[in-house]
Undergrad: 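My questions will all concern the structure given below.
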Amino acid sequence: MIGQVIAAFFGTIAFSVLFGVSRQYYAYCGLVGGAGWWLYLALGAYTQCTATEATLFATFLVVLLSRFLAVWEKCPVTVFLTSGIFPLVPGAGIYWTAYYLVTDRPGEAADNGFAAVKAAFAIVLGIVLVFEVPDKVFKVRK
């Protein structure tokens, strides 16, 4: 699990570089992505949460951290959120859906596709719900 969290940390930093995030925010972006992936893995391994529920709660953490860091560093929240959500995006589910479609296995394609759509919906729901929290909650002194 630690190896995966470290990989998520560095993968998020790499994604930050790709998106043109300022160098001073790389570590924060990696922290956000690594923390989200850690919570996703922990909920999947140590609780009865489904993958969709774990994605939702991990998204809550990613958005909360992104909003705190945006206030802390006085920059837009999208700097941390866009790259930090990267490890939770269901890219493998979408890949396997397409693979099963072209190899004529519609049942497996439907299962993987539905799981990917549920994960994507959980990410959207998590982002929307945390953005409903008023800004003054995230005001902290540096």
Side-chain angles (χ1 to χ4, degrees), residues 1-140:
M1 187 155 117
I2 291 173
Q4 286 189 34
V5 173
I6 291 170
F9 176 85
F10 286 111
T12 304
I13 290 174
F15 203 66
S16 300
V17 172
L18 186 66
F19 268 160
V21 172
S22 179
R23 183 178 293 240
Q24 68 192 38
Y25 302 130
Y26 287 169
Y28 289 137
C29 291
L31 175 74
V32 170
W37 189 247
W38 170 80
L39 185 59
Y40 174 81
L41 290 175
L43 289 174
Y46 301 116
T47 68
Q48 298 296 320
C49 282
T50 64
T52 304
E53 294 166 341
T55 301
L56 178 67
F57 293 126
T59 300
F60 286 156
L61 179 64
V62 166
V63 181
L64 284 170
L65 287 174
S66 296
R67 289 195 66 189
F68 274 118
L69 288 170
V71 171
W72 183 268
E73 291 294 322
K74 296 181 177 91
C75 67
V77 70
T78 54
V79 169
F80 306 109
L81 180 59
T82 304
S83 56
I85 206 73
F86 173 70
L88 299 175
V89 173
I94 295 168
Y95 169 82
W96 286 110
T97 300
Y99 175 79
Y100 290 136
L101 281 173
V102 298
T103 58
D104 199 28
R105 297 192 281 192
E108 292 169 320
D111 291 342
N112 277 286
F114 189 60
V117 167
K118 288 191 306 185
F121 183 73
I123 291 170
V124 170
L125 185 63
I127 292 170
V128 168
L129 289 177
V130 175
F131 268 99
E132 289 300 315
V133 176
D135 284 339
K136 64 182 176 182
V137 172
F138 298 99
K139 302 264 191 256
V140 292

Undergrad: Pairs in or reaching into residues 100-125: which pass ring-ring contact (aromatic ring centres under 6.0 Å, His included), with residues at least two apart or in two chains?
TA: W96-Y100
Undergrad: Looking at CZ of F86 and CZ of F19, how far apart are the two atoms once the value is rounded to the nearest 0.5 Å?
TA: 9.0 Å
Undergrad: Scan the side chains in residues 60-70 for donor-acceptor partners under 3.5 Å anywhere in the protein, sequence neighbours excluded, and list what turns up.
TA:
| from | atom 1 | to | atom 2 | distance (Å) |
| --- | --- | --- | --- | --- |
| S66 | OG | V62 | O | 2.7 |
| S66 | OG | L81 | N | 3.4 |
| R67 | NH1 | V130 | O | 2.8 |
| R67 | NH1 | V133 | O | 2.9 |
| R67 | NH2 | V133 | O | 3.2 |
| R67 | NH2 | D135 | OD1 | 2.4 |

Undergrad: So do F131 and V77 actually touch side chain to side chain, heavy atoms under 4.5 Å?
TA: yes
Undergrad: Check the side chains of Y25 and E73 for a donor-acceptor pair under 3.5 angstrom, ignoring hydrogens and angles.
TA: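 No donor-acceptor contact under 3.5 Å links the two side chains.
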Undergrad: Identify the two heavy atoms, one from A58 and one from G36, that lie closest to each other, and give their separation to 0.1 Å.
TA: CB-O, 3.3 Å
Undergrad: Search all heavy atoms of V21 against all heavy atoms of Y26 and return the closest pair with its distance.
TA: O-CE2, 3.2 Å
Undergrad: Please name all residues satisfying side chain to side chain donor-acceptor pair (under 3.5 Å) with T55, sequence neighbours left out, ordered by chain then number.
TA: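 Per chain and number, T55 pairs via side chain to side chain donor-acceptor pair (under 3.5 Å) with no residue.
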Undergrad: Nearest 0.5 Å, please: how far is CD in Q48 from CG in L43?
TA: 11.5 Å
Undergrad: Which residue pairs pass the salt bridge (Lys or Arg N to Asp or Glu O under 4.0 Å) test when at least one of the two sits in residues 27-56, sequence neighbours left out?
TA: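 Qualifying pairs, neighbours excluded: none.
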Undergrad: Between side-chain atoms of residues 5-14 and protein atoms elsewhere (two or more places apart, or another chain), which donor-acceptor pairs fall under 3.5 Å?
TA:
| from | atom 1 | to | atom 2 | distance (Å) |
| --- | --- | --- | --- | --- |
| T12 | OG1 | A8 | O | 2.6 |

Undergrad: Considering only heavy atoms from C-beta outward, does the side chain of C75 approach that of F80 to under 4.5 Å?
TA: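 Yes, their side chains come closer than 4.5 Å.
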Undergrad: M1 and W38: side-chain contact (heavy atoms from CB on, under 4.5 Å), yes or no, with the steps?
TA: CA-CA 8 Å; M1 187 155 117; W38 170 80; 3.5 Å; yes
Undergrad: Output all residues satisfying side chain to side chain donor-acceptor pair (under 3.5 Å) with S83, sequence neighbours left out; order by chain, then residue number.
TA: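 By the side chain to side chain donor-acceptor pair (under 3.5 Å) rule, S83 matches S16.
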Undergrad: To the closest 0.5 Å, what do you measure between CG (L18) and OG1 (T82)?
TA: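 These two atoms lie 12.0 Å from each other.
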Undergrad: Taking the side chain as everything from C-beta on, heavy atoms only, tell me whether C49 gets closer than 4.5 Å to L56.
TA: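 No - every pair of side-chain heavy atoms lies 4.5 Å or more apart.
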